[in-house]
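Since the structure comes first, as structure tokens, the remarks are kept for the end.
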2 protein chains.
Amino acid sequence: MDEGTASVGRPRAFDEETVLDRAVEVFWRHGYEGTSLSALTGAMGINRPSLYATFGSKEELFRRAFARYRETRVAYAAVALELPTAYAVIEEHLRSAVDALTAGDHPPGCLSIQGGLACSPENARVSEFLAAGRAAGEEALERRLARAVQEGDLPPHVDPRALARFVMAVGEGHAVHAAAGATREELHASVDIALQAVAAMSGRTAGAAGAS
Amino acid sequence: MDEGTASVGRPRAFDEETVLDRAVEVFWRHGYEGTSLSALTGAMGINRPSLYATFGSKEELFRRAFARYRETRVAYAAVALELPTAYAVIEEHLRSAVDALTAGDHPPGCLSIQGGLACSPENARVSEFLAAGRAAGEEALERRLARAVQEGDLPPHVDPRALARFVMAVGEGHAVHAAAGATREELHASVDIALQAVAAMSGRTAGAAGAS
DNA sequence: ACCCCACCTTACCGCTCGGTACAAAAAATG
DNA sequence: CATTTTTTGTACCGAGCGGTAAGGTGGGGT
């Protein structure tokens, strides 16, 4: 019944996390449906039966890969939430997202989006799964911003949900841009502009927008 | 040698634009790789040889579908560019984009992104093609905003390229959200926030952001 | 009325897909 | 060293993929 440390039998010739990282990269670059089993086994350096014995199926491997991606590549989001002010949280979130989207040691963009925004009907579960992951991040940010409103860090008229959605939308848009080749500097210039909205909402000149 | 009006022989039993609109919808909902020939012919109401005789291949059909999508569904972007001020251009662009992203008579989201952000290597041309389409829209907006700077409508320190990129990124983020089920009202609330950045940049309180 | 020719229908092509059966191979156990 | 247990490599499975060949079908032109 004890799991994890199988002692008897032939030991594995690969490290599970290592090959999982390879799978992350392939899914990241080509999406769920754009990634074939052959591409996976080729990149992971293992063969098909090993993959299935370890991960169960292509879809389960993808779920594992996405979980590992969030742990290893989106950790910055949790770090940003710890900062003391809403402005700092949002700036850190967007800045480190841009840095992650344009780092050279992995595919550009974001697995949450490139993994499969739209899929064939039989793979609809995959896009729903990814959307749920993004929604979870947005809710965490929303809670943090709601706290900022309660603490008086943001004015009471600010809607934390809308602001969280705006920040996530900007990040997702940057992911789309990064996937298409935008540079780090270009995206930071866009962050500059997004932050002006946050600054305006943070009380300095609230209501400056001309919209009714 | 005259094209377009084939007079001899059996006439087509379908209208080319009508079946193309059906193809747009299927690609829009399931992406390029998530759409099979069977799904296409089923939705278009024609059979495979008719499709190939008319459109050449799946990829060419997609290109035609994307062109038609831009003509019929993204016409609002060109309309927005005609408005007199940069603020109005941006607001109209984002507002009508949200309305288009959440209209009930077609799939939610945006074909440019759902069509295939990441594809398998053999379909890489498709995602490049879509990215080129998005870049074209961004450049058109950039030119319009550059004109606004020249006219004094935007302050001289505003970078039209960065602002256009920001606006497009927000729109793309909204497309991702819409594909995941965000409502029209939710996205308009995000537009409200984005417009605060534009208002701040438009001269009222430029430099309010604390970022260095 | 005839013929013609493009279109529609059916059935099929080679290929790759995700997934698996089976036996050789390799370490721990006795 | 034989046995056990697990992994590995190879070779294969049915199904669906994108794309096509060939003949029946039906609305023109003359």
Side-chain angles (χ1 to χ4, degrees), chain A residues 1-20 22-23 26-27 30-65 115-116 119-126, chain B residues 1-20 22-23 26-27 30-65 115-116 119-126:
Chain A
M1 283 294 180
D2 61 333
E3 57 177 15
T5 61
S7 53
V8 297
R10 177 173 175 177
R12 286 214 173 113
F14 59 90
D15 174 59
E16 195 168 312
E17 288 194 338
T18 302
V19 301
L20 194 52
R22 301 293 193 95
V26 182
F27 280 131
H30 299 301
Y32 180 76
E33 294 190 323
T35 300
S36 68
L37 262 290
S38 301
L40 283 169
T41 55
M44 296 165 85
I46 65 179
N47 42 33
R48 234 165 263 223
S50 298
L51 190 156
Y52 275 83
T54 310
F55 300 103
S57 71
K58 186 188 176 187
E59 183 176 336
E60 285 191 50
L61 170 60
F62 183 76
R63 294 175 122 87
R64 290 281 307 276
C119 286
S120 70
E122 61 261 28
N123 292 325
R125 304 171 67 97
V126 169
Chain B
M1 280 296 181
D2 61 333
E3 58 178 16
T5 62
S7 53
V8 295
R10 181 174 173 176
R12 280 206 179 123
F14 59 89
D15 176 58
E16 195 168 312
E17 289 193 338
T18 302
V19 301
L20 193 53
R22 302 292 194 94
V26 182
F27 281 131
H30 300 301
Y32 180 75
E33 293 189 326
T35 300
S36 68
L37 262 289
S38 301
L40 283 169
T41 55
M44 297 166 85
I46 65 179
N47 39 35
R48 231 165 264 222
S50 297
L51 191 156
Y52 275 83
T54 309
F55 299 103
S57 72
K58 186 188 178 188
E59 182 175 336
E60 285 192 49
L61 170 60
F62 183 77
R63 295 175 121 87
R64 290 282 308 275
C119 286
S120 69
E122 61 260 30
N123 292 324
R125 303 171 68 96
V126 169

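Letters A, B, ... are given to chains in the order of the sequence lines, protein chains preceding strands, and every chain is numbered from 1. Every heavy atom of this structure was used, including side-chain atoms; hydrogens, water molecules and symmetry mates were not.
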| task | Please check if the side chain of B:D15 supplies one atom and the backbone of B:T18 the other of a donor-acceptor pair under 3.5 Å. | result |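 Side chain of B:D15 to backbone of B:T18: a pair is present.
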Rounded to whole angstrom units, what separation is found between the [atom1] atom of [X] and the [atom2] atom of [N]?
X	N	atom1	atom2	value
B:E33	D:dG18	CD	C1'	13 Å
B:L61	D:dG19	CG	C1'	13 Å
A:I46	D:dT7	CD1	C1'	11 Å
A:R12	D:dT6	CZ	C1'	9 Å
A:E122	D:dA15	CD	P	15 Å
B:K58	D:dG19	NZ	C1'	12 Å
B:F55	D:dT20	CZ	P	16 Å
B:H30	D:dG18	NE2	C1'	18 Å

| query | So what is the end-to-end bend of the helix from C:dA1-D:dT30 to C:dG30-D:dC1, with 5 pairs used at each end and the value given to 10 degrees? | reply |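 Both end axes considered, the difference amounts to 0°.
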State, to 0.1 Å, how close [X] and [Y] come at their nearest heavy-atom pair, and which atoms those are.
X	Y	value
A:T41	A:N47	CG2-C, 4.0 Å
B:P121	A:G34	CD-O, 4.3 Å
B:C119	B:A124	CB-N, 4.4 Å
B:M44	B:L51	SD-CD1, 3.8 Å
B:F62	B:G115	CZ-CA, 4.2 Å

| task | Determine the contact category for A:A53: base if any of its heavy atoms lies under 4.0 Å from a base atom, sugar-phosphate if only primed atoms, P, OP1 or OP2 are that close, otherwise nothing. | result |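 Result for A:A53 = nothing.
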| Can you find a side chain N or O atom of B:Y52 that sits less than 4.0 Å from OP1 or OP2 on D:dG19? |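 Affirmative; the distance criterion is met.
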| N/O (side chain, A:S50) to phosphate O (OP1/OP2, D:dT8) under 4.0 Å |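 True: A:S50 side-chain N/O within range (under 4.0 Å) of D:dT8 OP1/OP2.
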Would you list the protein and nucleotides 12-15 of chain C atom pairs, both N or O, that sit under 3.5 Å from each other?
none

| said: Using side-chain heavy atoms (C-beta onward) and a distance below 4.5 Å, is A:L20 in contact with A:L61? | reply: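 Contact flag for A:L20/A:L61 side chains = yes.
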| said: Does any part of the side chain of A:Y52, heavy atoms only, come nearer than 4.5 Å to the side chain of A:L37, both counted from C-beta? | reply: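 A:L37 reaches A:Y52 side chain to side chain.
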| said: Within this structure, what is the CD-OG distance for the pair A:E59 and A:S57, rounded to the nearest 0.5 Å? | reply: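 Result: 6.0 Å between the selected atoms.
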| query | What pairs meet the salt bridge (charged side-chain N to carboxylate O under 4.0 Å, His left out) rule with one or both residues in residues 30-58 of chain A, with sequence neighbours excluded? | reply |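 For residues 30-58 of chain A, and leaving out neighbouring residues, there are no salt bridge (charged side-chain N to carboxylate O under 4.0 Å, His left out) pairs at all.
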| Going 5' to 3' along nucleotides 22-30 of chain C, which nucleotides have protein heavy atoms under 4.0 Å from the base (write B), which only from the sugar-phosphate (write S), and which from neither (write -)? | ---BBSSS-
| field | DNA chain D-proximal residues of residues 34-45 of chain B, any heavy atom under 4.0 Å | value |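 Residues of residues 34-45 of chain B under 4.0 Å from DNA chain D: B:T35, B:S36, B:L37, B:S38.
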| Whether A:F27 and A:Y32 hold their rings parallel, tilted or perpendicular, with breakpoints at 30° and 60° |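 A:F27 and A:Y32: parallel rings.
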| query | Is A:R22 atom CZ crowded by more than 12 heavy atoms from other residues, nucleotides or ligands, each under 6.0 Å away? | reply |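 Atom CZ in A:R22 is not crowded, with 12 or fewer foreign heavy atoms closer than 6.0 Å.
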| Any idea which of D:dG18, D:dT8, C:dT9 is nearest the B:N47 side chain? |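 For B:N47, the side-chain atoms sit closest to C:dT9.
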| request: Please list, chain by chain and in numerical order, all residues satisfying side-chain contact (heavy atoms from CB on, under 4.5 Å) with B:E16, sequence neighbours excluded. | output: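 Partners of B:E16 under the side-chain contact (heavy atoms from CB on, under 4.5 Å) test: B:R12, B:T54, B:F55, B:R64.
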